**Student:** 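Can you read through this structure? Questions will come right after.
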Amino acid sequence: MLFSLALILLLGMLLGSIFSKLKLPPLLGMLITGIILGPYVLNLISPSLLNISADIRKIALIIILTRAGLNLDIKDLKKVGRPAFFMCFLPAVCEIIATIFIAPKIFKISLIEAGILGSVLAAVSPAVIVPTMLKIMSKGYGIKKSIPQLILAGASVDDVFVIVIFSAFLELGKGGNIILTDLFKIPTSIFTGIFGGVIVGLLLVKFFNYLHIRDSAKVIIILSISFILVTIEQHINSAFGFSGLLAIMAIGGTIKKYKNNLAQRLALKYSKLWVGAEICLFVLVGATVNIHYLKNAGFLGIILILLVLLFRIIGVGISLIKTNLNWKERIFTMIAYTPKATVQAAIGGIPLALGLSCGNLVLTIAVLSIVFTAPIGAFAIEHLYKKLLAK
């Protein structure tokens, strides 16, 4: 495992640096590192490390979402208002509906199987979007109209919505029924996640005011609480949902609101943690990519992804109606809402593991969506934000 970690960190950093010098997103180099080192090419990553790969990726997500929360001004979110609400679900709904109509015609699958495929495809990747939006915010682009904040907020809730919809379609695919109370998890997950995070954030602010400890110790306390919140989410099986990741962002946002100086110092600490976490996240996402499946979907898979992405872009456009964004800013928001990676890597293999007939196809298209949209989306964001957003 130690040798595997050494390879992941050194080669991931090397390829990321090379791609950065070529004016390409570093994450593309890290994804390629994962594909090369992974079990489907050179097989140099220890099985024991691959077994805990999902947990390591979750830790990396926790780090970047906490950092996002520490940089997220609640006043900016209030200013965004209605568009942020629609961005949480409308683009995903448009993409799922498009997949249900288009996929059966291309791949000869049932509507339920198309629904499973659509709900796997529909989630955007916070792992790609959050760090890029934080970078754009730090450079002062788009912040006057709160564009990066709008994208950050929408992408975080989008995943909660899509995973619940995926669970519902999966039940139908297994021959069960959708229980309406399951859909109740969407609003309750969002509400309880944000509410719980705010409460924990307020308690932490009081605790840090009372007990003066080093910022490094504060980071360890916040990380530990974040791990507990994510664990709570995994063990809640009632009709009421809870989003641990939203709670983590809310903790950061609450600390920023009530103790801004501390939030800035903690954000700096988390940005240093992200250096190693980013490499682990994208290399391990790359390691899940089975390139042998890509031959099966090929051209038709890319056609499907492009068509449903068009509907996602339309959904973003509808969400931005009656906003003060100009056409350049709307185009940037549409582009920024296309990358897919972490959710597809996490849930793409579940239908196959459950023995569903569409399992191979779903996994193949999920892999293809990561390989196709993550690097292209990240590249487009990186090279267009200066041209499309006001500084």
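Nothing here was measured: the structure is a model prediction, and the numbers come from that model. Side chains are part of it too, since the values below use all heavy atoms of this structure and drop only hydrogens, waters and symmetry mates.
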**Student:** Can you spot which of I45, T33, L2, L37 makes a side-chain contact (heavy atoms from CB on, under 4.5 Å) with L7?
**Tutor:** L37
**Student:** Assigning hydrophobic clusters by single linkage (Ile, Leu, Val, Met, Phe, Trp, Tyr; side-chain heavy-atom cutoff under 4.5 Å), is L42 placed with L31?
**Tutor:** yes
**Student:** Indicate if L281 and I52 have the same hydrophobic cluster label, given that clusters are the connected sets of ILVMFWY residues with side-chain heavy-atom separations under 4.5 angstrom.
**Tutor:** yes
**Student:** Hey, is K269 close enough to D215 for a salt bridge, meaning N to O under 4.0 Å?
**Tutor:** no
**Student:** Heavy-atom count around L211 CG within 6.0 Å, excluding the residue itself: above 12?
**Tutor:** yes
**Student:** For F101, I'd like to know if atom CZ has over 12 heavy atoms of other residues, nucleotides or ligands within 6.0 Å.
**Tutor:** no
**Student:** Hey, can you pull the donor-acceptor pairs under 3.5 Å for the side chains in residues 134-143, sequence neighbours left out?
**Tutor:**
unit_1 : atom_1 : unit_2 : atom_2 : d
K135   : NZ     : E382   : OE1    : 3.3
K135   : NZ     : E382   : OE2    : 2.5
S138   : OG     : K135   : O      : 2.7

**Student:** Is the shortest side-chain heavy-atom distance between V230 and K58 below 4.5 Å?
**Tutor:** yes
**Student:** Please verify the inter-ring angle class for F89 with F85; under 30° counts as parallel, over 60° as perpendicular, anything in between as tilted.
**Tutor:** perpendicular
**Student:** Are K218 and F208 in a cation-pi setup, meaning NZ or CZ lies under 6.0 angstrom from the ring centre and within 45 degrees of the ring axis?
**Tutor:** yes
**Student:** For the pair K144 and E329, find out whether any cationic side-chain nitrogen is under 4.0 Å from an anionic carboxylate oxygen.
**Tutor:** no
**Student:** State, yes or no, whether a side-chain contact exists between L27 and F379 at a heavy-atom distance under 4.5 Å.
**Tutor:** no
